[in-house]
Amino acid sequence: MSGNRSVLVIQGLTKYFGGLKAVDNVYMEAAECSITSLIGPNGAGKTTIFNLITGLLQPTSGKIYYKNQSILALPPTTIARIGIGRTFQEPRVFNRLSVLENILIGFPSQKGERVHHALLRTKAAFEEEKKNKEKAIEILEFVGLADRGSDLAQDLSHGQQRFLSVARVLASNPDLLLMDEPTVGLHREEIVRLIDLMIRLVKSQRRTILLVEHNMDVVMNISDEIHLLVEGHGIAHGKPEDIKANPKLVEAFLGTSLSGNRKKGEVLCT
Amino acid sequence: MDKMMKVVLCAFFLHFVLFPTPHDSAAQEIKIGIVSCLTGPAAFYGTYMKKGVDLAIEEINAKGGIKGSKIAPIWEDDKGTPTAAVSAIKKLISVDRVPVVVGSLTATALAMIPVADKENTVFITSLSTHPDIAKMSKWSFRNCINTVPSAMAVVDFAYKQQGKRKLGILFFQNESTRRIAEGVKKRFEELGGTVVGMEMLAEEGVDYRSPIIKIKNANPDSIYIAAFARQGGLAMKQLVESGVNLQFYADPIESPVWLQTAGSAANGAIYGYLDIQQSFLDKYKSKYNEEGEIWGALYYDTMYTLTIAIEKGGYTAEGIRKSLIEIKDYPGITGAITYGPERDVIKPPIIKMVKDGKFMKHQ
Amino acid sequence: MVLQLIVNGVVSGAIYALMAVGFALIYNSTHIFHLAHGAVFTLSGYTLYFVVKGMNLPLPVAILFAITLSILLGIAIEVRGYRPLRERKVSLAAFLISSLGIFIVVENGLILLFGAIPKLITEEPLKAYQIGSLVITQLHMTVILCCLIIFPLLHLLFAKTRVGKMIRALSDHPELALIIGLETRRLYLFITILGAALAGVAGIFVGLDVGVTPIMGWDAVLIAAVAVIIGSVGYLPGAGVAALLVGLVQNLSVLKISAQWQGTITFGLLILFLVFRPKGIFGKMIASRGA
């Protein structure tokens, strides 16, 4: 812990699918302005935890607090609205909406949200839309897609769609970002840009990231805290150095060796 | 005696209680089986039929019935479907033991006649205009003229009286209307006219504008429509809407549905059919408080001819059949009734027309 | 004659398009094979008939009634029929059966109330105008005019307004729409209302043109479904264009073949597309997800 207060607190989280324990008594916290990573082999329950946090699944038992408030039993829409955003393993975008529209649609509750407002197009809604458009362009610039605004999302490359899906989530201005294997399918150069983006999200935009990632280089480089999960259990957690200090543990469960080389003393979100 | 035996004996006993032999009941009342489309899409025909039949029976029974026995109609609803009609006639013959069954539409009549033929039961309809109905069995009679003679009369009228030379024909996709159309074409060409186009009105359609435009393009001086009430009415309406304001001829359109569908487009249309006596129309009006029409009138006549046949030949199928054939020039309200060699009624059609939304004799 | 057939084709096509676009709107966003669309169409026609003939009220009032009742039925179908199923996450087959059930109930209800006999709303021939050799009725002009207003408005709705974008987003990726916090319930309701209103307009036009029968919805909804497939499932304008195409092909086909085959032609066209261009006319406009 870097001493910051926790944005997300998970206590004794458990989820059974029939007889299968997908998540079993997991405890974890995500500190404000930090990157917390979940690692572990396939089927360790990482994505299930994301689904539990975002309300797509209801836990069998356990507690989830977001900013000291229980978010259990809240519907996914509400959870999205109070500031928890999520990107998926595959880039999820609205294919047949333009890149700009993908962002616009993600802006949270506003005057245009109500169907009749959108239809009547009140002056207030009109001005808000104009403002939103400016904001959307800003976001696109932030993720490096400013020149593709009017293209259909389906015409972007896989990597660009990934950045778009991050941008789309940013539209809702989440304080907590859940990112599910964001580097999958990206080539080296894009991974570098993505890491840069994530660091900027935390550093300059003061957001918190919960990351599920298989690329150990990425994990060891940017995480403030790492949780190792195996078959639904939390096996170990700590700073990258702590995890690295126990390479056998990692190798035993992940089957990969660690070769992270994050600069010593670099602290995110000072 | 075991249980099974008791059940069988009881059933046997009950059978005699519930279904006494026809002779017992014949003494009290004359049962006549009637199978009609009282419900279903053609229910309006069934309704006309029932009104005509009821009016006739009411009158006959009021005058003492047949030799003191009242007529008791047994109505069965076939919904206009052949399968229901077949089970209805089988029930009437085997359970009610009626020697005569009155039928209605072509589709159901075609299904029932073979049953009547096999069971030696008299069958009579006044609604089917299919040319073969009466020919199908020696037991089958018809009290309405089929559409071919009336169509021929209209074609003759068009060519000779109205000087039409270029006829366009629209016909509904159905066996009997197709035959009428073909008959019309043949007759018109024999007379020396030209049939400039012949187009079909699709069974599932309600938008006939395409065939109408094809006909219009062939430049006819008059149009013959061989169709049932709804399709024919729609065709007339759409003809006028498509700018075809010619003389329309049609096969018997004497159904309010045709008028309701065609609206004022039907005004002036010429067709051939039977006349109805004013006395019937008056009685009808006072009983039902609505205008009488041809199908009710035909069934009214049908019930009277059956009464005469039963009085003369007795309440047996063979007796009724024989005396029906013997009827000569019975003065019905739809013209003098004589059943020809093929048991089809012989009545000369007259030329009629639609005027101000009413059916009347052409002047 | 060809010109006249084209005009007639455009008129039938325009009415098909009203049905097809409504059907596509609902199908694209909910994936429900919305047979009950035919029920809305039929109810609209009968409402018009009842208000004009039964209550003797003027036509504009009847039109208002017909559209209102169509929308109410649409809302009922969504709120009472589809929403509970959707929230219980049942299979699409259950929606289809539910939809079919609603259709049959409405159809039989109308038979009970009005009988199976076809009814006419306008008994007089429609007023027609002659332009050269071309004849077009007032009603048909109104149909074309209405479509020239309705479809551009719909285009604006989907291209420019936020609710339009939300609906497109919902159709494109319903799960994601839910995740980003779109009010999907409201959107589904709005879609149903829009679809029902379109079906209502179509029902009014057909009712005024050729009258109403309790079974009129079947043909209408089937042609709509065919148009949606031909026009590429998922692409809304495609359904409209394909409906127009069906109308034109049906009418122009009489040049070569007898009019009795008009119904067959619709499905022949469908089979041709299924064999040679299964993704429809606008197949290219639709990316296959995950590819």
Side-chain angles (χ1 to χ4, degrees), chain B residues 37 39-45 47 79-80 170-174 178 198-219 228-231 233-245 255-267 357, chain C residues 1-9 11-12 15 53 111 115-131 133-140 206-207 209-216 218-220 222 247 250-255 257-266:
Chain B
C37 40
T39 61
F44 58 94
Y45 280 122
T47 314
K79 302 173 184 72
L170 286 168
F171 67 101
F172 179 61
Q173 180 181 10
N174 171 284
R178 177 203 288 276
M198 191 156 151
E199 289 295 321
M200 184 183 271
L201 309 171
E203 191 172 5
E204 71 268 27
V206 282
D207 185 349
Y208 300 134
R209 290 189 174 86
S210 309
I212 283 171
I213 285 157
K214 249 179 131 175
I215 286 280
K216 183 188 178 188
N217 210 50
N219 227 354
F228 299 132
R230 172 155 199 257
Q231 290 79 11
L234 272 178
M236 273 190 185
K237 181 166 177 270
Q238 292 175 8
L239 274 162
V240 171
E241 286 168 6
S242 304
V244 183
N245 290 301
S255 140
V257 170
W258 193 308
L259 287 190
Q260 278 163 20
T261 318
S264 66
N267 282 339
Chain C
M1 164 148 123
V2 176
L3 185 65
Q4 179 78 61
L5 288 174
I6 289 174
V7 170
N8 289 1
V11 172
S12 344
I15 294 177
K53 292 269 156 173
I111 291 178
I117 305 168
K119 307 276 184 198
L120 244 84
I121 297 166
T122 46
E123 278 155 11
E124 294 313 299
L126 305 163
K127 209 184 273 172
Y129 298 98
Q130 181 116 22
I131 310 157
S133 65
L134 193 71
V135 178
I136 182 162
T137 61
Q138 209 173 21
L139 178 72
H140 289 176
V206 171
D209 197 7
V210 294
V212 293
T213 79
I215 54 165
M216 67 197 264
W218 288 103
D219 276 350
L222 285 180
Q250 274 188 354
N251 278 272
L252 284 170
S253 66
V254 292
L255 285 173
I257 18 180
S258 167
Q260 73 181 100
W261 300 107
Q262 279 191 340
T264 323
I265 280 162
T266 315

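Here is the naming used below: chain letters follow the sequence lines, and residue numbers restart at 1 for every chain. Owing to the predicted nature of the structure, the values given are computational and were not obtained by experimental measurement.
We find the CG-CG distance between Leu120(C) and Leu259(B) to be 12.0 Å, quoted to the nearest 0.5 Å. Here the OG1-CD distance, from Thr122(C) to Glu241(B), works out to 7.0 Å after rounding to the nearest 0.5 Å.
You'll find the side chain of Lys214(B) stays beyond 4.5 Å of the side chain of Leu255(C), heavy atoms only. Arg209(B) has its side chain within reach of Asp209(C): a pair of non-hydrogen atoms, C-beta onward, lies under 4.5 Å apart. Side-chain contact between Ser210(B) and Asn8(C) is absent, with no heavy-atom pair separated by less than 4.5 Å.
Contacts between Ser242(B) and chain C at a heavy-atom distance below 4.5 Å involve the backbone alone (N, CA, C, O). With a 4.5 Å cut-off on non-hydrogen atoms, Ala262(B) touches chain C through its backbone but not through its side chain. Using a 4.5 Å cut-off between heavy atoms, Thr213(C) touches chain B through its side chain atoms alone.
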Determine, stepwise, if the pair Val135(C) / Lys216(B) fulfils side-chain contact (heavy atoms from CB on, under 4.5 Å).
-> CA-CA 11 Å; Val135(C) 178; Lys216(B) 183 188 178 188; 3.3 Å; yes
Evaluate side-chain contact (heavy atoms from CB on, under 4.5 Å) for Gln238(B) paired with Val210(C), printing each intermediate quantity in order.
-> CA-CA 9 Å; Gln238(B) 292 175 8; Val210(C) 294; 3.1 Å; yes
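Contact count against chain B (heavy-atom pairs under 4.5 Å) is highest for Leu126(C) among Thr137(C), Leu126(C), Ile215(C). Ranked by heavy-atom pairs under 4.5 Å with chain C, the first of Ala265(B), Ser264(B), Gly263(B) is Ser264(B).
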